[in-house]
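First up is the structure itself, then whatever we jot down about it.
Along the sequence shown, the residues carry numbers beginning at 1.
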Amino acid sequence: MLELSLYPDLIEAGCDEAGRGCLAGAVFAAAVILPKDFICEKLNDSKQLTEKERYALRPLIEEQALAWAIGIVNQKEIDEINILNASFLAMQRAVASLKTRPQHLLIDGNRFRKYEDIPHTCVVKGDGKLLPIAAASVLAKTYRDDYMLNLHREHPLYDWDHNKGYPTKKHREAIEKYGVTPYHRLTFNLTDKQLKLDF
């Protein structure tokens, strides 16, 4: 069972992002404030859950959370400010959209850019340690997956319904064959061409 809080006396929001390592699409983040009596034994790091489990947990989190919000930074912004800054910005946008202002932020990972005057704690692999971060990881992942499924209908050649924009062999081959879409992150290594040697 994951811990519910780091500082039980404070209103804490867990924050996590999804889609950082993708070649296409926006990066999504979620911020979640859970009630002090929240119990959910199934909730864990979204990467440890099946797709079916994540989607089953999403309505439960949304119904029971005191507040939750999604923050999005699109691929053009990612190319302009880089993916690390885009991940911070997505989390900040999620926090800014919360209907309840948190007193402390629980950030998944080892780095974050301070948001306004709210103190934060970075927790490495926090989505497997703290329930608010795990809840945020589930929301960020499922909302981003929904978004990539919509993009797949627009651009079906890139297998986004399966790879969700991540750099799979099939995705890279499609980029080489068909070129890039408006949703590709142009500052990323899209085709792995530099790994091939020409003789």
Practice problem: Evaluate the criterion side-chain contact (heavy atoms from CB on, under 4.5 Å) for residue pair Asp146 and Phe28; output intermediate values, then yes/no. | Solution: CA-CA 11 Å; Asp146 289 349; Phe28 275 55; over 6 Å; no

Quiz item: With a 4.5 Å limit on heavy-atom distance, are the side chains of Ile83 and Arg185 in contact?
Solution: yes

Quiz item: Would you find a donor on one side and an acceptor on the other, under 3.5 Å apart, between the side chain of Arg144 and the backbone of Lys164?
Solution: yes

Practice problem: Please answer whether the main-chain N or O of Asn85 pairs with a side-chain N or O of Arg113 as donor and acceptor at a distance below 3.5 Å. | Solution: no

Quiz item: Shared ILVMFWY cluster between Val32 and Leu89, side chains joined below 4.5 angstrom?
Solution: yes

Practice problem: Measure the spacing between CD of Glu17 and CD1 of Ile107 and express it to the nearest 0.5 Å. | Solution: 10.5 Å

Quiz prompt | Main-chain N/O of Asp127 paired with Asp108 side-chain donor or acceptor, under 3.5 Å | solution = yes

Practice problem: Return the minimal non-hydrogen interatomic distance between Glu12 and Tyr7, and the atom names on each side. | Solution: OE2-N, 2.8 Å

Quiz prompt | Closest contact, heavy atoms only, Tyr147 versus Gln75 | solution = OH-OE1, 3.7 Å

Self-check item: Val123-Tyr115 co-clustered via ILVMFWY side chain contacts under 4.5 Å
Solution: no

Quiz item: Do Val138 and Leu106 belong together in a cluster built from hydrophobic side chains that touch within less than 4.5 Å?
Solution: no

Quiz item: Got a sec: does the NZ of Lys170 have more than 12 other heavy atoms crowding it under 6.0 Å?
Solution: no

Exercise. Report yes or no: does Asn163 contribute a side-chain atom to a donor-acceptor pair with the main-chain N or O of Lys169 at less than 3.5 Å?
Key: no

Self-check item: Pairwise distance CG(Leu66) to CG(Leu34) - rounded to 0.5 angstrom
Solution: 7.5 Å

Quiz prompt | Residue Gln64 excluded, over 12 heavy atoms near CD under 6.0 Å | solution = yes

Can you give me every donor-acceptor pair (side chain of residues 39-46, partner residue at least two apart or in another chain, under 3.5 Å) with its distance?
unit_1: Asp45; atom_1: OD1; unit_2: Lys47; atom_2: N; d: 2.9
unit_1: Asp45; atom_1: OD1; unit_2: Lys47; atom_2: NZ; d: 3.4

Quiz prompt | Validation row: Glu62, Leu139 side chains within 4.5 angstrom (heavy atoms) | solution = yes

Quiz item: Is it true that atom NZ of Lys125 has more than 12 heavy atoms of other residues, nucleotides or ligands lying nearer than 6.0 Å?
Solution: no

Quiz item: Which atom names give the shortest non-hydrogen contact between Ala26 and Ile72, and what distance separates them?
Solution: CB-CG2, 3.6 Å

Practice problem: Give the intermediate values and the outcome of salt bridge (Lys or Arg N to Asp or Glu O under 4.0 Å) for residues Lys177 and Glu173. | Solution: CA-CA 6 Å; Lys177 190 171 181 181; Glu173 285 173 351; over 6 Å; no

Quiz item: Are any of the side-chain heavy atoms of Met148 and Cys22 separated by less than 4.5 Å?
Solution: no

Self-check item: His120: ring-ring contact (aromatic ring centres under 6.0 Å, His included) partners, not counting sequence neighbours
Solution: Phe112

Quiz item: Taking a hydrophobic cluster as the set of Ile, Leu, Val, Met, Phe, Trp and Tyr residues connected by side-chain heavy atoms closer than 4.5 Å, whether directly or through intermediates, do Leu98 and Ile11 fall within one such cluster?
Solution: yes

Quiz item: Just how far is it from atom OG1 of Thr168 to atom OH of Tyr166, taken to the nearest 0.5 Å?
Solution: 12.0 Å

Practice problem: Check the angle between the aromatic planes of His171 and His184 and answer parallel, tilted or perpendicular using the 30° and 60° thresholds. | Solution: tilted

Quiz item: Which atoms form the tightest heavy-atom contact between Pro35 and Ala65, and what is the distance?
Solution: CD-CA, 4.1 Å

Practice problem: Would you tell me whether Glu154 and Tyr183 have side-chain atoms, one donor and one acceptor, within less than 3.5 Å of each other? | Solution: yes

Quiz prompt | Phe38 CZ to Leu2 CG distance, which is reported to the nearest 0.5 Å | solution = 10.0 Å

Self-check item: Distance-minimising heavy-atom pair for Ala18 and Val27
Solution: O-CG2, 3.3 Å

Practice problem: Please report the C-alpha distance between Arg58 and Asp145 in whole Å, then the side-chain angles of each, then the deciding distance to 0.1 Å, and finally whether the salt bridge (Lys or Arg N to Asp or Glu O under 4.0 Å) criterion is met. | Solution: CA-CA 12 Å; Arg58 185 166 90 179; Asp145 283 357; over 6 Å; no

Self-check item: Flag, side chain of Lys76 to backbone of Pro182, donor-acceptor distance under 3.5 Å
Solution: no

Self-check item: Flag side-chain contact, heavy atom, 4.5 Å: Trp68 against Ile61
Solution: no

Quiz prompt | Atom pair NZ/OH of Lys141 and Tyr55 - distance to nearest 0.5 Å | solution = 8.0 Å

Exercise. Quick one: closest heavy-atom pair of Pro167 and Gly21, and the distance?
Key: CD-O, 3.4 Å

Practice problem: Can you measure from OG1 (Thr187) to CG (Leu23) and round to the nearest 0.5 angstrom? | Solution: 10.5 Å

Quiz item: Going through the distances and angles, do Leu84 and Arg20 end up as a side-chain contact (heavy atoms from CB on, under 4.5 Å)?
Solution: CA-CA 8 Å; Leu84 181 64; Arg20 190 161 154 176; 3.2 Å; yes

Exercise. Indicate, with yes or no, if Val124 and Phe88 share a hydrophobic cluster defined by side-chain heavy-atom contacts under 4.5 Å among Ile, Leu, Val, Met, Phe, Trp and Tyr.
Key: no

